[in-house]
Engineer: 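A single structure is presented below for examination.
We name chains A, B, ... by the order of the sequence lines, and we start the count at 1 in each one.
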Amino acid sequence: MAKKLDKVDVVVVGTGWAGGIVSAELAKAGKKVVALERGEKKVLSDYTGVKDELRFTNRYEMMQNLKHETVTSRNTPDDVALPVRTRDEMMAGTDLGGGSVHWAGSTYRYLPYDFEIYSKTVERYGKDKIPDGMTIQDWGITYDEMEKYYDRFEKTAGLSGEPDPLGPKRSSEKFPTPPLKETPPIRLFKEAATNLGYHPYQVTAGNLSEKYENPDGEVINQCQYCAFCTHYGCDFGAKSDALVTVIPTAEKTGNFELRTESYVRRVLHNGKKATGVMYVDTRTGQEYEQPADVVVLSAFTFTNNRLLMLSDIGQPYDPKTRKGVIGKNFNGQFNITFLGARGFFKDKKFNLYMGAGALGGTMRDFAGDNFDHSKLDFINGGAIELRQYGDGAIASNHVPKGTPRWGKEFKKNSLFYANRTLQLWYTPAIMSWWHNYLDLDPTYKDDFNDPLLRVTNKYTDQDRNIAKFGVEKCKEIMEEMGADIVDEDDIPEEFDHIYQGGHYAGGVIMGDNPETSAVNNYLQMWDMDNLFVVGASAFPHFGGHHPTATVGALAYRASEGIQKYLENGGQIVKRNEKHKHVG
Amino acid sequence: MVNKDEESLSRRHFLKNTGLVAGGVVGGSLLGGLITNQFQTKESTPTKEKRDHTQQTLQEARMFFSREEDFNTLKAATERIFPEDDHGPGAIKLSVPYFIDKQLAGSWGTNAKAYMKDPFLQNKQTHEYQRKDSEQNKSGPNTSTQAPTPTPRYQSRQNRGEIFLQGLRKMDQVSKEKFDKSFIDLEEKQQNEILQAFENNEIEMKGVSSQTFFNLLRQTTLEGVYADPLYGGNKNMMGWKMKEYPGPRMAYINEIDSEDFIVMEPQSLREYQG
């Protein structure tokens with residue numbers, strides 16, 4: 001029997017950037033907030049003095065334990081989905097702070113084009129430019145409306161950067177902190193890109209160039225470029241994440257209670273309104289019912305989707321009829337994205353064992369609709385990046401193509417090129433399609449005997465063509481950088497069921513009407529006024545950049561929406577009855 | 001090329017840069033420990049080094065592999081994957097086989113954090129799935145920090161330890177069938193040929209593809225060469241020395257924009273933690 005607890009104003013599921021921001025904003029506004037985190041309560045000293053590549057990068061110390069739960073995966077509705085069994089194949093953050101703690105820190109705002117992708121594509125190229133079956137739609141919000149939330153997130157996180165010369169309007173011209181240092185590889189990239197007429201600039205970073213106090217009074221330290229960044233928590237409290245910003249901000253209010261090892265299994269509801277959540281304390285097995293006026297799902301994309309499906313909320317997406325919304329438009333950047341060209345330099349050595357997660361150069365000449373697509377066989381675009389993460393010794397085994405993968409020649413080349421190789425990659429947008437979606441698996445179950453989430457995802461010509469375009473551009477720049485050998489990345493024919501990098505999105509998408517979207521532009525469910533679903537699950541497609549700034553901005557937007565709802569009740573946005581943007 | 005030591009980073013400068021003087025969020029005592037360590041002079045006595053060395057040797061015993069012959073096959077196979085040459089030691093001298101033995105005895109070897117629920121389908125699709133090779137370093141936004149090893153496509157009901165045992169015994173069996181000798185008694189070239197057959201998925205194994213086994217073997221061998229010595233491989237940090245990799249360090253803030261390549265004597269996590 002579930003123990004029924006006292007009602008609170010807001011219950012928040014998940015404590016990453018999304019859940020952390022919502023918790024902090026509502027607790028600051030005087031609401032009683034309970035946050036439930038499936039993972040452990042981590043503190044900064046969990047990440048101090050443990051710079052261990054095998055443990056964190058190869059054994060995925062900070063990622064979800066798949067013993068209890070994973071996803072199943074297939075390419076088409078006709079296949080049998082197989083479970084993704086190991087953490088080599090599935091990366092999803094867990095524990096207090098969620099994915100924010102292990103993130104790299106690279107941050108971009110999405111472009112105005114992305115928020116109005118359907119209208120702007122049709123306006124510039126005509127309806128025929130959008131291929132049959134591509135289900136892109138406007139997000140129900142514009143960049144100009146999003147701008148203040150982006151600004152807010154940048155200030156909370158203290159981001160280090162400089163404006164993109166081709167970027168959209170910013171209300172704060174300067175970033176909270178100056179860009180990270182320009183290292184020789186970054187300089188080489190910027191010079192080559194400039195020679196070719198492009199507009200490079202420094203990647204906006206959540207690894208801070210100097211000590212910073214954010215508007216909530218939280219202090220983030222200065223990055224030491226120690227290289228143990230992506231896949232790690234920061235040794236110095238110098239990487240902006242939920243642990244050093246919004247979680248302590250929420251705690252200071254006295255209105256916030258955190259419960260870890262609390263695994264939410266259902267959103268409770270009466271068909272019209274959510275009444276709370278049911279969760280299990282994973283240490284004791286005790287079930288609890290936590291009633292609340294507002295329920296916020298701000299867990300990982302997979303979890304947000306699965307909880308709605310397990311709780312019978314909203315109309316599930318059906319690929320046969322293409323009706324329904326929950327699970328629709330699964331998208332994300334992994335595998336076929338981040339392809340480009342690798343250069344090998346015979347006479348140059350770089351200090352590649354030094355670095356920081358978001359240390360790098362970038363350019364947006366081929367992002368969004370910044371370039372003419374009328375003669376191209378794809379839409380949208382992405383950034384071209386050179387990143388200096390700081391290579392671990394296990395990771396730095398890159399060898400030129402044609403080198404065997406093991407044995408004498410492999411050893412020779414892997415040692416020789418360990419500090420003589422640079423990679424450029426393209427970060428293309430991922431469009432949504434009728435055949436890429438999420439639902440519940442009919443066979444595989446979790447520890448509680450609940451069905452696993454099933455991913456159905458395949459590539460299209462759009463994906464392969466945009467990747468090919470990116471590889472060519474990267475190759476051009478890498479050649480200009482003077483590499484002796486330039487290897488192009490291979491473009492995979494089909495999705496191989498490896499979920500790397502954590503950039504999975506969609507399924508609970510936002511829009512301007514309930515026919516084509518699950519949530520409105522405050523991430524309030526159309527079908528349930530007091531349920532907000534926050535995170536990249538709201539992305540109707542994936543813009544051509546890393547998602548965190550947009551997740552953060554939307555979380556600020558949702559926080560505002562929740563307060564509006566608590567004041568006035570009902571739907572806070574009027575649905576648009578006029579046009580439906582379905583491809 | 002410049003030879004530099006970690007001494008170049010002054011305590012004052014470090015404190016100033018991190019902003020820790022003003023009472024940053026990192027715990028004082030821990031940081032104290034790290035800083036003390038950072039500025040320790042290198043005066044570890046010969047006695048201490050000798051003791052450490054002895055301790056390490058004592059830890060080189062089999063805890064996972066019961067049969068010595070399986071372990072010998074493993075030794076020979078890892079040495080082919082990462083052989084000794086003019087650049088430095090191979091897998092055996094780096095204690096890679098003992099690293100793998102320890103890994104397989106632990107939670108990774110028993111798939112403690114993997115989804116191991118039924119059904120484990122054994123059909124054409126599963127086999128195709130395992131065969132589809134994917135370089136980890138070609139997938140996802142963190143690719144540069146990934147080991148450039150193929151990801152084992154895992155659809156087996158056996159855990160990694162069991163796959164290793166089956167695979168090593170199969171290698172020996174194939175050697176005997178093909179060359180009438182144990183794997184360890186084969187010429188280098190013949191050993192390579194056998195390994196290649198596993199990599200090419202030409203060998204029939206039960207419940208797992210031979211390529212999946214080979215990918216595991218290759219990945220684990222490279223990990224044993226380059227992981228922190230605390231795991232029993234990368235003996236005396238010789239893997240790192242070959243690669244001019246310095247090990248875990250506190251900070252590169254003063255060196256990060258250097259045009260010159262900087263070589264540092266490697267330092268292990270043991271030293272970093274003080």
Engineer: Under 4.5 Å from any heavy atom of chain B, what part of A:Cys234 do you find: side chain, backbone, both or neither?
Structural biologist: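 Neither part.
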Engineer: Would you mind checking which part of B:Gln196 comes under 4.5 Å of any heavy atom in chain A, side chain (CB onward), backbone (N, CA, C, O), both or neither?
Structural biologist: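 For B:Gln196, backbone and side chain are both near chain A.
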Engineer: In terms of heavy-atom proximity below 4.5 Å to chain A, should B:Leu230 be classed as side chain, backbone, both, or neither?
Structural biologist: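 Side chain only.
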Engineer: When you measure from the side chain of B:Lys243 to the backbone N and O of A:Ala393, does any donor-acceptor pair fall under 3.5 Å?
Structural biologist: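 At least one qualifying donor-acceptor pair exists.
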Engineer: Walk me through it: do A:Asp52 and B:Tyr231 pass the test side-chain hydrogen bond (donor to acceptor under 3.5 Å, both in side chains)?
Structural biologist: CA-CA 10 Å; A:Asp52 179 344; B:Tyr231 294 99; 2.5 Å; yes
Engineer: Grab the two heavy atoms, one from A:Leu54 and one from B:Ala227, that are nearest each other, plus how far apart they are.
Structural biologist: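 For A:Leu54 and B:Ala227, the tightest heavy-atom pair comes out as CB-CB, 4.0 Å.
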Engineer: Quick one: which of A:Thr427, A:Asn351, A:Thr443, A:Asn419 has the most heavy-atom pairs under 4.5 Å with chain B, could you say?
Structural biologist: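 Winner by heavy-atom pair count: A:Asn351.
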Engineer: Measure distances from B:Glu79 to the heavy atoms of chain A and classify the residue's part below 4.5 Å as side chain, backbone, both or neither.
Structural biologist: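 Neither part, no heavy atoms under 4.5 Å.
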Engineer: Using modelled atom types and a 3.5 Å cut-off, is there a donor and acceptor pairing between side-chain atoms of B:Gln155 and backbone atoms of A:Pro83?
Structural biologist: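 Here the side-chain-to-backbone pair exists.
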Engineer: Answer yes or no: is there a donor N or O on one side and an acceptor on the other, between the side chain of A:Lys411 and the main chain of B:His87, under 3.5 Å?
Structural biologist: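 Judged by distance alone, no pair lies under 3.5 Å.
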Engineer: Could you pull out the closest heavy-atom pair between A:Arg59 and B:Phe99, with the gap in Å?
Structural biologist: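 Scanning both residues completely, I find the closest heavy atoms to be NH2-CZ, 4.5 Å.
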Engineer: At a 4.5 Å cut-off on heavy atoms, which part of B:Tyr226 comes close to chain A: side chain, backbone, both, or neither?
Structural biologist: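 Contact with chain A is through both the backbone and side chain of B:Tyr226.
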Engineer: So, B:Arg218 side chain and A:Arg405 main chain: donor-acceptor pair closer than 3.5 Å or not?
Structural biologist: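 Between the backbone of A:Arg405 and the side chain of B:Arg218 there is a qualifying donor-acceptor contact (under 3.5 Å).
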Engineer: Quick one: what part of A:Arg187 sits under 4.5 Å from any heavy atom of chain B, side chain, backbone, both or neither?
Structural biologist: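 The side chain, not the backbone.
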Engineer: Determine, for A:Glu69 against B:Lys117, whether the closest basic-nitrogen to carboxylate-oxygen distance falls under 4.0 angstrom.
Structural biologist: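 Answer for the salt bridge query: no.
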Engineer: Using non-hydrogen atoms and a 4.5 Å limit, figure out which bit of A:Glu182 sits close to chain B: side chain, backbone, both or neither.
Structural biologist: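 For A:Glu182, the backbone is the part near chain B, not the side chain.
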Engineer: Is it the case that the side chain of A:Asp235 and the backbone of B:Met250 share a donor-acceptor pair, with hydrogens and angles ignored and the cut-off at 3.5 Å?
Structural biologist: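 Judged by distance alone, no pair lies under 3.5 Å.
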Engineer: Decide if atom NZ of B:Lys93 counts as having more than 12 heavy atoms of other residues, nucleotides or ligands within a radius under 6.0 Å.
Structural biologist: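 No, not enclosed.
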Engineer: A:Lys51 side chain to B:Tyr272 main-chain N or O, any donor-acceptor pair under 3.5 Å?
Structural biologist: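 Not a single qualifying donor-acceptor pair exists.
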Engineer: With a cut-off of 6.0 Å (strictly less than), are more than 12 heavy atoms of other residues, nucleotides or ligands near NZ of A:Lys412?
Structural biologist: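 Counting neighbours around NZ of A:Lys412, 12 or fewer heavy atoms of other residues, nucleotides or ligands fall under 6.0 Å, so no.
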Engineer: Taking the six-membered ring for Trp, are B:Tyr252 and A:Tyr353 ring centroids under 6.0 Å apart?
Structural biologist: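 Yes, they do, as the ring centres are separated by less than 6.0 Å.
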Engineer: Search all heavy atoms of A:Lys181 against all heavy atoms of B:Ile256 and return the closest pair with its distance.
Structural biologist: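 Between these two residues, the closest heavy atoms are CD-CG2, 3.6 Å.
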Engineer: May I ask you to decide if B:Ile253's main-chain N or O and A:Gln224's side chain share a donor-acceptor pair within less than 3.5 Å?
Structural biologist: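 Side chain of A:Gln224 to backbone of B:Ile253: no pair is present.
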Engineer: Taking the ring of B:Trp108 and the ring of A:Tyr60, is the distance between their centroids below 6.0 Å?
Structural biologist: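 No: the rings miss the under 6.0 Å criterion.
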Engineer: Any donor-acceptor pair under 3.5 Å linking the side chain of B:Asp257 with the backbone of A:Pro184?
Structural biologist: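 Not at all, since once roles are kept as given, no pair shorter than 3.5 Å links the two residues.
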Engineer: Select one option (side chain, backbone, both, neither) describing which atoms of B:Asp86 are under 4.5 Å from chain A's heavy atoms.
Structural biologist: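 Looking at B:Asp86, nothing touches chain A.
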